[in-house]
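Any value given below was found using the heavy atoms of this structure, including those in side chains, with hydrogens, waters and symmetry copies removed. Each chain gets a letter, A, B and so on, in the order the sequences are listed, and its residues count up from 1.
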Protein chains: 2
Amino acid sequence: MAAGLARYLASMEAIRQYFNQLVPLEDAEWQAFAACLTKRTVKRKEKILLLGQVCHEVCFIESGSFRFFHEREDGSEWVTAFFFAGDFVTNYRSVITNQPSSHHIEAMQDAVILSIQKADLFRLYLEFHALDRLGRRIAEGLYLTVAHRLDAFLYESPEERYEALLQRNSRLLNEVPQYMIASYLGVKPETLSRIRARR
Amino acid sequence: MAAGLARYLASMEAIRQYFNQLVPLEDAEWQAFAACLTKRTVKRKEKILLLGQVCHEVCFIESGSFRFFHEREDGSEWVTAFFFAGDFVTNYRSVITNQPSSHHIEAMQDAVILSIQKADLFRLYLEFHALDRLGRRIAEGLYLTVAHRLDAFLYESPEERYEALLQRNSRLLNEVPQYMIASYLGVKPETLSRIRARR
DNA sequence: ATGTTTTCTTGACCAAAGTCAACCATTTCT
DNA sequence: AGAAATGGTTGACTTTGGTCAAGAAAACAT
């Protein structure tokens, strides 16, 4: 399995690059983190976290993609975020509060992930200043992302959100069905269809 | 000014309590933080941060109250949050990204605040693991708050948001004008008035 | 107390997105 | 290839909140 090993090493390198952008890590700090990662495969439509479960892990996506979505009592689904190869995916809210997740996390394609358990993560935070700092930077990043998304919902029309998404991530439109894009934009599929028709 | 001194000491104690809930601090860590705080007074309707300015400080409110709001091109104002005695107020997004604020921060009453400059804060983060950790906990808290607010906008009606606010903070309704509550709930004053009328 | 702002309410009308239903188009399965 | 499932479009109608305008009520200043 030389190809598998090569991809694994590439993933590890990708994670280290990602971290180094936020906080430069010494080898010992990095090794301690890397030693906690375990690899597994996930099938398309398989959920790695169910609504109602407490989330115990943070996953790096080596390949494949995921959607993070809420399911309402009436069965309707509302996508909060999409995650692709190179991203981390978790319900960090559930991880830090220990409360049941209000969202599902589901693979949109077959995927390979590297995960770290929250117990290990919290131990690393205590042990290494640099990793706690990294955790701060990551939490700050999550805050910026969700604050920006809130602003988009408060101050922009669905059409403006769609335009902004096009600018930011036109690739997304080819990779996920339009009804999930609509859901992410906070409108019904019919509405997105009409937005697209009148451009 | 014995009364002023007493209130100042009470504020310092309040901040230390607040921090200790998140991360227990040793005396040296606390002293280093406390030494960075400066006190000042703010008049009603005075802005401590203007839209377009980069935010350079984090403020603890000893007395008084503030609103954090966005102003649109058409002049309409949308309140994102209210802050009262015992809270910290800042545009943390602007602090960590160094980008101009997209919101104003304005005193709703005469106020007294204790502020720390971001340069000092970042220095303390580097110097003390416990303070970096505290910063992580605070960033996590901001993330939880804004994620919850986003969920409220995505999954609840204005009426449900109003009910939830009543449960959570009925005091608020007496302390700030109703049109600001409406703004915080994301509706026009007329709409909030009608929501209240039909209960 | 009186007059002036400021805040809140109500009504008539409008615009935007949701609902429901029918119908294409495309992909997938056998 | 043909059937079935999935995804996307369009039309008629409804619902919700916004807009505009007039007034009532409350807060504040002189």
Trainee: Starting at atom CD of B:Glu77, determine the distance to atom P of C:dT6, rounded to an integer number of angstrom.
Mentor: 13 Å
Trainee: Yes or no on salt bridge (charged side-chain N to carboxylate O under 4.0 Å, His left out) for A:Arg16 and A:Glu13, after CA distance, side-chain angles and deciding distance?
Mentor: CA-CA 5 Å; A:Arg16 188 161 190 186; A:Glu13 189 49 35; over 6 Å; no
Trainee: Students often get this wrong, so: under 4.0 angstrom with heavy atoms, is B:Pro177 touching a base, only sugar-phosphate, or nothing?
Mentor: sugar-phosphate
Trainee: Taking the basic N atoms (NZ, or NE/NH1/NH2) and the acidic carboxylate oxygens, is any pair closer than 4.0 Å for A:Lys39 and A:Glu62?
Mentor: yes
Trainee: I'd like to know if B:Asp110 pairs up with B:Arg44 as an ion pair, taking the criterion as any Lys NZ or Arg NE/NH1/NH2 lying under 4.0 Å from an Asp or Glu carboxylate oxygen.
Mentor: no
Trainee: Please determine, for the side chain of B:Arg198, which listed nucleotide (C:dA17, C:dC8, D:dG17) has the closest atom?
Mentor: D:dG17
Trainee: Please report the distance, rounded to the nearest Å, between CE in B:Met180 and P in C:dT7.
Mentor: 7 Å
Trainee: Could you give the CD-to-C1' distance, from B:Glu159 to D:dG17, as a whole number of Å?
Mentor: 13 Å
Trainee: Whole-Å distance between C:dA17 P and A:Arg196 CZ?
Mentor: 16 Å
Trainee: Tell me: CD1 of B:Ile195 to P of D:dT16, nearest whole Å?
Mentor: 11 Å
Trainee: Does the distance from a Lys or Arg side-chain N to an Asp or Glu carboxylate O, for B:Arg40 and B:Glu57, drop under 4.0 Å?
Mentor: yes
Trainee: May I ask you to say what A:Pro158 touches in the nucleic acid, namely base, sugar-phosphate or nothing, with a heavy-atom cut-off under 4.0 Å?
Mentor: sugar-phosphate
Trainee: Between the protein and nucleotides 25-30 of chain C, list every N/O to N/O distance that falls short of 3.5 Å.
Mentor:
none

Trainee: Can you tell me the distance, in whole Å, between the CG atom of A:Asp74 and the C1' atom of C:dT19?
Mentor: 12 Å
Trainee: Distance under 6.0 Å and angle within 45° of the ring axis: does A:Arg93 meet both against B:Tyr143?
Mentor: no
Trainee: Looking only at side chains, do A:His104 and A:Glu71 share a donor and an acceptor under 3.5 Å apart?
Mentor: yes
Trainee: To the nearest Å, how far apart are A:Leu185 CG and C:dA17 P?
Mentor: 11 Å
Trainee: How long is the line joining CZ of A:Phe153 and P of C:dA16, in whole Å?
Mentor: 18 Å
Trainee: Encode nucleotides 18-30 of chain D as B, S and - characters from 5' to 3', where the letter depends on protein heavy atoms closer than 4.0 Å: B to the base, S only to sugar-phosphate, - to neither.
Mentor: SBB----------
Trainee: Parallel under 30°, tilted from 30 to 60°, perpendicular over 60°: which one fits the rings of B:His103 and B:Phe68?
Mentor: parallel
Trainee: Determine, step by step, whether A:Arg199 and A:Glu159 satisfy the salt bridge (charged side-chain N to carboxylate O under 4.0 Å, His left out) criterion, reporting the C-alpha distance in whole Å, the side-chain angles of both residues, the deciding distance to 0.1 Å, and the verdict.
Mentor: CA-CA 10 Å; A:Arg199 286 165 27 97; A:Glu159 181 151 4; over 6 Å; no
Trainee: Ring-plane angle category for A:Phe19 and A:Phe88, please: parallel below 30°, perpendicular beyond 60°, tilted otherwise.
Mentor: parallel
Trainee: Of all the choices, D:dT10, C:dT10, C:dC8, which nucleotide is nearest to the side chain of B:Gln178 once you look at every atom?
Mentor: C:dC8
